[in-house]
Structure formats: C-alpha cells, structure tokens
Amino acid sequence: MAAGALPCLAFPAPALWWLAYVALVPWMLLLRTAPTGRRAALEGWLGGAGFIVAVHHWLLPSLHVFLVPLAALLGLLWTPWALLVRELLGGAPRPGRAAAALLLVPAGWLLSELVRSWQGLGGPWGLLGASQWQVQPALRLASLGGVWLVSLLVVAVNCAVVLLVAVPGARAAAVASLAGCAVLTGVVWQWLPRPEASGTLRVAVVQPGLVGGADSAERRFAVEERLTSQLAGTHPDLVVWGESSVGADLAARPDLARRLAELSSRVGAPLLVNVDARRSDRPGIYKSSVLVGPQGPTGDRYDKMRLVPFGEYIPARSVLGWATSVGKAAGEDRRRGEGPVLMDLPGGVRIGPLVCFESAFPDMSRHLADDGAGVLVAQSSTSTFQHSWAPAQHASLAALRAAETGRPVVHATLTGVSAVFGPSGERIGEALPTSASTASVYEAPLARGTTPFVRFGNWPGGACLAALALYYAARGARAVRFTRSAPAPSAPPARTVRG
C-alpha cells in the first residue's frame with residue numbers, strides 16, 4: 001500500500017513532478033517478484049487502494065470511513081496490470097519479452113485509468129499524466145494524445161527503470177526505450193504545430209474567499225458584488241464568478257437578477273455566474289452557469305451534467321443513503337443537465353462553461369473546443385477542502401485541458417486556487433491563492449486551429465486496447481497449438497490376474 005501511495009507526491013500540493021518517472025518502481029519490483037499470480041493480484045489490489053487513498057485523502061471530511069471501501073473497490077482495477085507486470089517482467093525476461101513489456105505494461109496501466117475515468121467510479125481525478133501539468137514538453141504531448149499519452153510515457157519510463165535495476169540482460173532494451181521516449185518528446189516539442197494566436201480576451205476572475213454562517217449565500221453575494229464593482233474602468237470582456245456563487249434561482253429572485261444586470265452595466269462586460277438552487281421552472285436542484293448582461297440574464301444557461309458522487313448525488317441512494325449520516329454527503333440528489341452549451345460574448349468569442357470537477361474530463365473540454373468554443377471556463381468551489389491538496393490539484397487540471405484543446409482555460413473558484421492558462425497550458429499571470437479575496441483581470445490569449453487530440457480524441461486508449469487484445473489473442477493461439485501438438489499420454493501397462 002505504501003508503494004502504491006508513493007506517486008501521490010508527484011501531484012499538487014507537493015508537486016514533485018519528476019518523482020512520477022520513478023515512483024512506480026518500488027511497486028513494480030514487488031509485483032515482478034511475487035511468487036504466485038494470486039500474490040501479484042493481491043499486491044496490485046493493495047497498491048491501487050493505497051494510491052486512491054493517498055491521492056484522495058482530502059475527501060475524508062466528506063466520506064469519512066466510506067473512503068476505505070471505495071478505495072478497496074477501485075484498487076481492484078490494478079489487479080490485471082499487476083498480473084501483466086509479473087508475467088512480462090518477472091524472472092529474467094529475454095530481450096523480446098522485455099521489449100513487449102515496455103509496450104504492454106504502460107498499456108495495462110492506461111486500461112485501469114480508462115475504466116476508473118467512468119463517472120460512476122468517481123471520474124478521471126489523479127491520472128498519472130496529470131502530475132506533469134507544469135512540464136511544457138509533457139503538455140505538448142497532451143495536445144497530441146491528451147493526458148492519456150502523458151500517462152503512457154510516464155509508465156514506460158518507470159518500466160525501463162525497473163529493467164535497468166533488476167534485469168541486466170534487458171538493459172539494452174531499457175536504454176532504447178528511454179531514448180525512444182526522449183526522441184518522441186523532442187520531435188513533438190519541435191515539430192508539432194503550436195496554437196496560432198488570434199487576439200486576446202480580458203477576463204476578470206472574482207474570488208470572494210471563505211464566507212461561512214447560516215446566511216453565507218447572501219453575504220457571499222455581497223462580497224462578490226463589491227469586488228466586481230471595483231472592476232469598473234478596467235474594461236474586461238468577461239467577468240467570471242465561481243461555482244455556487246449565487247444561492248437562489250434568478251427567476252425567483254428578480255432583485256438578484258437586477259443587481260447583477262447593474263453590475264454588468266457598470267463594469268461594461270457580461271457576468272458568468274453560477275446558480276446553485278432549486279429551479280422555479282422545473283423540479284429539482286441544479287448547478288447552472290448563467291450569463292448575465294446589462295439587460296439581465298441573456299438566456300444562455302448551462303446545467304451541470306456530470307455530478308460529483310456523494311457530494312452532489314448518492315449512487316444507489318436506496319442502498320448507500322446511510323452515507324449522509326457519517327459524512328457531508330448530499331442530502332438530496334441534484335439534477336443533471338441535458339447537454340453542453342456554448343455562449344456568445346458581445347465581441348464574437350464563444351465560451352464553453354464547465355462546472356466543478358467536469359474540468360477533470362478530457363472529453364468534455366474536447367467536445368466544447370470541437371464545437372467552436374474559443375475559451376473554456378471552469379467554475380469551481382473547493383471550500384470544503386480549503387486547507388488540503390484539493391484546490392491546487394483542481395487548478396492544475398485546467399493546464400492540461402488548455403494544452404489538449406489549444407484553447408485558454410479560466411479556472412474561477414470561490415475560495416482559490418483560481419488560475420488562467422493559455423492555449424499551450426502555460427500559466428497566465430499569477431494564480432489567486434486560497435487566502436485571497438479579490439478580483440483580478442487576466443489577458444487570456446486566444447488561438448485558432450485544432451489540436452490532434454481534439455481532432456482524433458483518445459487514440460492512445462484505442463491503441464492500447466488493440467495492443468493488449470493482440471497480445472492475449474496470440475497467447476491464446478499459442479496455447480491452442482501447444483495443446484494440439486502435445487503427444488497423447490501413453491496407456492498404463494496392463495495388469496493381469498492369474499487364476
């Protein structure tokens with residue numbers, strides 16, 4: 001479990017990104033020397049559970065003891081990878097088997113990440129490639145094949161290090177693999193076209209800071225109103241508030257809608273707010289990005305589609321509803337939106353809103369960019385986890401989404417960390433820390449063109465599935481041929497009875 005937990009130090013807040021390239025080595029050394037397949041599966045399961053607990057330990061205030069069975073469930077996803085490590089790296093693999101391991105072991109790891117990325121299992125938080133969010137060459141790889149390609153590269157380097165350390169006869173293959181990873185990264189860095197600049201968008205991010213108490217929604221609105229008023233004269237093109245920045249439906253509270261319209265008029269820019277409330281026109285609670293102009297709400301509204309398990313809904317509530325009694329789980333399930341929405345700004349730029357951990361899903365930002373979004377806006381709130389690793393982890397995801405799509409990403413939160421990233425994943429200006437209560441204006445560079453990831457999607461995942469399928473098909477065919485060609489067992493000698 002400790003070996004599986006080690007990679008968590010590569011993620012924010014420690015952000016030891018370089019550690020990711022060797023962090024799997026202790027775990028893989030255990031797996032390759034497991035005496036039996038059952039032992040390898042057990043160590044894969046325990047290591048996976050340790051990784052989940054370590055990367056998501058900040059969920060304890062919300063999930064309490066439920067984090068343990070959740071980690072045990074998700075840890076099972078690493079058992080196939082563990083068996084693959086033992087099979088391909090165990091003993092003294094010949095050069096051919098070592099070369100196969102350098103391709104198939106990363107593919108097996110990516111398979112576990114793909115399955116875990118399903119929303120019903122918690123979504124793609126803590127993907128190994130996401131630890132490289134501040135490494136520009138890795139971000140260039142993300143524009144080619146998404147965070148998935150970065151994960152493959154990181155695991156391939158770990159696999160090569162294992163061969164260098166433990167298998168003297170396979171060191172040539174390991175060195176060739178390391179050289180190949182370096183060449184691939186260099187070629188992509190040098191030759192892959194970069195986003196073509198097409199202007200800038202002045203975006204103001206309003207971060208009110210921590211506001212508690214029974215009337216927190218009203219007092220937070222007042223703070224956001226005051227901070228936004230200070231933007232008059234700065235000439236922003238868009239003002240963004242964080243997730244749950246408005247605690248009442250604007251149709252039911254025309255006074256709030258009127259105050260937002262006056263703010264928009266005073267600042268000279270539309271406001272993108274986030275309403276977390278029961279809707280007046282349909283049943284249920286929604287989290288919605290709403291664009292408000294000088295005349296009031298423009299009619300552009302995006303309802304959050306992918307909800308946070310336990311935080312915003314209880315999976316199988318009839319069975320797991322007891323989780324509300326031991327943690328801060330959702331007392332009532334929020335409703336899901338029907339589809340993505342693009343919103344038009346007065347200058348002709350189209351924005352694609354995302355809410356909360358939707359910024360962790362590469363496919364959502366990819367589809368928004370493919371549909372014509374010029375800027376991606378992620379409205380978030382990690383107030384519950386204010387003094388943990390969660391705010392920094394969440395903000396780092398915006399850099400990956402920017403690099404993958406070739407579009408700037410604005411990550412606006414209630415309590416930090418708020419940040420803006422350019423089309424190559426580079427940070428624009430200074431991030432707003434969790435201690436800040438302020439409004440800041442950023443010059444977000446716009447870009448035209450389409451990245452390979454937006455055009456082709458998760459092709460690394462498809463390639464890995466194909467490689468694993470071919471490998472196991474070949475194994476199955478060899479097993480069948482061996483069975484057919486094996487000589488029939490000789491008959492036992494006849495026994496006679498003399499009477």
Notebook entry, point to check: So do Phe421 and Glu426 actually touch side chain to side chain, heavy atoms under 4.5 Å?
Noted result: no
Margin query: To the closest 0.5 Å, what do you measure between CG (Leu263) and CZ (Arg226)?
Written below: 12.5 Å
Check: Does Arg220 count as lying over the ring of Trp241, i.e. NZ or CZ under 6.0 Å from the six-ring centre, within 45 degrees of the axis?
Finding: no
Check: Does a side-chain N-to-carboxylate-O contact under 4.0 Å join Glu358 and Lys304?
Finding: no
Note to self: Show the nearest heavy-atom pair for residues Pro195 and Arg140, with the distance to one decimal.
What the structure shows: CD-NH1, 4.3 Å
Check: Got His411 and Ser380 here, is their nearest side-chain heavy-atom distance under 4.5 Å?
Finding: yes
Notebook entry, point to check: So how far is it from Asp237 CG to Leu201 CG, rounded to the nearest 0.5 Å?
Noted result: 4.5 Å
Check: Can Arg334 be said to sit on top of Tyr286's aromatic six-ring, NZ or CZ under 6.0 Å from centre and within 45° of the ring axis?
Finding: no
Notebook entry, point to check: Is any side-chain heavy atom of Val292 closer than 4.5 Å to a side-chain heavy atom of Thr298?
Noted result: no
Checklist line | Gap between atom CG of Leu345 and atom CG of Leu291 - 0.5 Å precision | finding: 6.5 Å
Item checked: Ion pair Asp344/Arg350, N-O distance below 4.0 Å -> yes
Check: For residues Thr438 and Ser440, is any side-chain donor paired with an opposing acceptor at under 3.5 Å?
Finding: no
Check: For Tyr302 and Gln379, does a side-chain donor sit closer than 3.5 Å to a side-chain acceptor?
Finding: no
Next item on the list: Using a strict 4.0 Å threshold on nitrogen-to-oxygen distance, state whether Asp249 and Arg282 make a salt bridge.
Entry: no
Checklist line | Close side-chain approach of Phe385 and Trp389, heavy atoms under 4.5 Å | finding: no
Checklist line | For the student: nearest non-hydrogen atoms of Gln132 and Ala20, plus distance | finding: NE2-CB, 3.6 Å
Next item on the list: Using the side-chain contact (heavy atoms from CB on, under 4.5 Å) rule, pick out the option among Asp303, Asp276, Val308, Leu307 that qualifies with Lys287.
Entry: Asp276
Check: Given the rule in the side-chain contact (heavy atoms from CB on, under 4.5 Å) test, do Phe221 and Val273 qualify, once you have shown the distances and angles that lead to the verdict?
Finding: CA-CA 10 Å; Phe221 189 95; Val273 301; over 6 Å; no
Check: Do the side-chain N and O atoms of Thr413 and Ser418 include a donor-acceptor pair separated by under 3.5 angstrom?
Finding: yes
Notebook entry, point to check: How many angstroms lie between SG in Cys181 and CG in Leu153, if you round to the nearest 0.5 Å?
Noted result: 4.5 Å
Note to self: Determine whether the aromatic ring centres of residues Trp58 and Trp125 are separated by less than 6.0 angstrom.
What the structure shows: yes
Margin query: Please check: side-chain N/O of Arg202 versus main-chain N/O of Ala444, any donor-acceptor pairing under 3.5 Å?
Written below: no
Check: Where do Ile52 and Arg116 land on the side-chain contact (heavy atoms from CB on, under 4.5 Å) test, with the steps shown first?
Finding: CA-CA 11 Å; Ile52 292 296; Arg116 184 165 63 90; 3.9 Å; yes
Checklist line | Non-hydrogen atoms of Leu128 and Ser131 that approach each other most closely | finding: O-OG, 2.7 Å
Next item on the list: Measure the OG1-CD distance between Thr185 and Gln136 for me, rounded to the nearest 0.5 Å.
Entry: 13.0 Å
Next item on the list: For the residue pair Arg266 and Ser229, confirm or rule out a side-chain donor-acceptor distance under 3.5 Å.
Entry: yes
Next item on the list: Kindly say whether Arg448 contributes a backbone atom to a donor-acceptor pair with the side chain of Glu196 at under 3.5 angstrom?
Entry: no
Next item on the list: Carefully, step by step, assess Trp81 and Val105 under the rule side-chain contact (heavy atoms from CB on, under 4.5 Å).
Entry: CA-CA 7 Å; Trp81 175 74; Val105 168; 3.4 Å; yes
Check: Where do Trp78 and Phe51 land on the ring pair (Phe, Tyr, Trp, His ring centres under 6.0 Å) test, with the steps shown first?
Finding: CA-CA 10 Å; Trp78 276 273; Phe51 177 78; 5.8 Å; yes
Check: Is there side-chain contact between Val441 and Val203, with at least one heavy-atom pair below 4.5 Å?
Finding: no
Note to self: When you compare the side chains of Glu430 and Tyr442, does any donor N or O come within less than 3.5 Å of an acceptor on the partner?
What the structure shows: no
Check: Can Thr450 and Arg455 be said to form a side-chain hydrogen bond (donor to acceptor under 3.5 Å, both in side chains), step by step?
Finding: CA-CA 7 Å; Thr450 303; Arg455 185 178 295 117; 4.7 Å; no
Next item on the list: Return the minimal non-hydrogen interatomic distance between Ala257 and Pro297, and the atom names on each side.
Entry: CB-CD, 4.2 Å
Notebook entry, point to check: If you look at every heavy atom in Ser143 and Leu192, which pair is closest and at what distance?
Noted result: OG-CD2, 3.1 Å
Next item on the list: Please examine the side chains of Asp363 and Asn458, heavy atoms only from C-beta on, and report whether any two atoms are closer than 4.5 Å.
Entry: no
Checklist line | Heavy-atom side-chain proximity of Val205 to Val410 below 4.5 angstrom | finding: yes
Notebook entry, point to check: Which heavy atom of Gly145 sits nearest a heavy atom of Pro460, and at what distance?
Noted result: O-CG, 3.4 Å
Item checked: Full working for side-chain contact (heavy atoms from CB on, under 4.5 Å) between Ile351 and Val341 -> CA-CA 9 Å; Ile351 62 173; Val341 173; over 6 Å; no
Next item on the list: Check each of Leu376, Val377, Leu397 against Val409 using the side-chain contact (heavy atoms from CB on, under 4.5 Å) test, and report the only one that passes.
Entry: Leu376
Check: Can Glu262 and Arg259 be counted as an ion pair, charged N to O under 4.0 angstrom?
Finding: no
Margin query: Quick check on the 6.0 Å ring-centre criterion: do Trp148 and Trp109 meet it?
Written below: no
Margin query: Using a 3.5 Å distance criterion without hydrogens, assess whether the side chain of Arg194 forms a donor-acceptor pair with backbone atoms of Trp189.
Written below: yes
Check: Judged by modelled atom types alone, do His394 and Ser359 share a side-chain donor-acceptor pair under 3.5 Å?
Finding: yes
Checklist line | Any Val154 side-chain heavy atom under 4.5 Å of Tyr21 side chain | finding: yes
Note to self: Just verifying a value: how many Å separate Thr405 OG1 and Leu400 CG, rounded to the nearest 0.5 Å?
What the structure shows: 10.5 Å
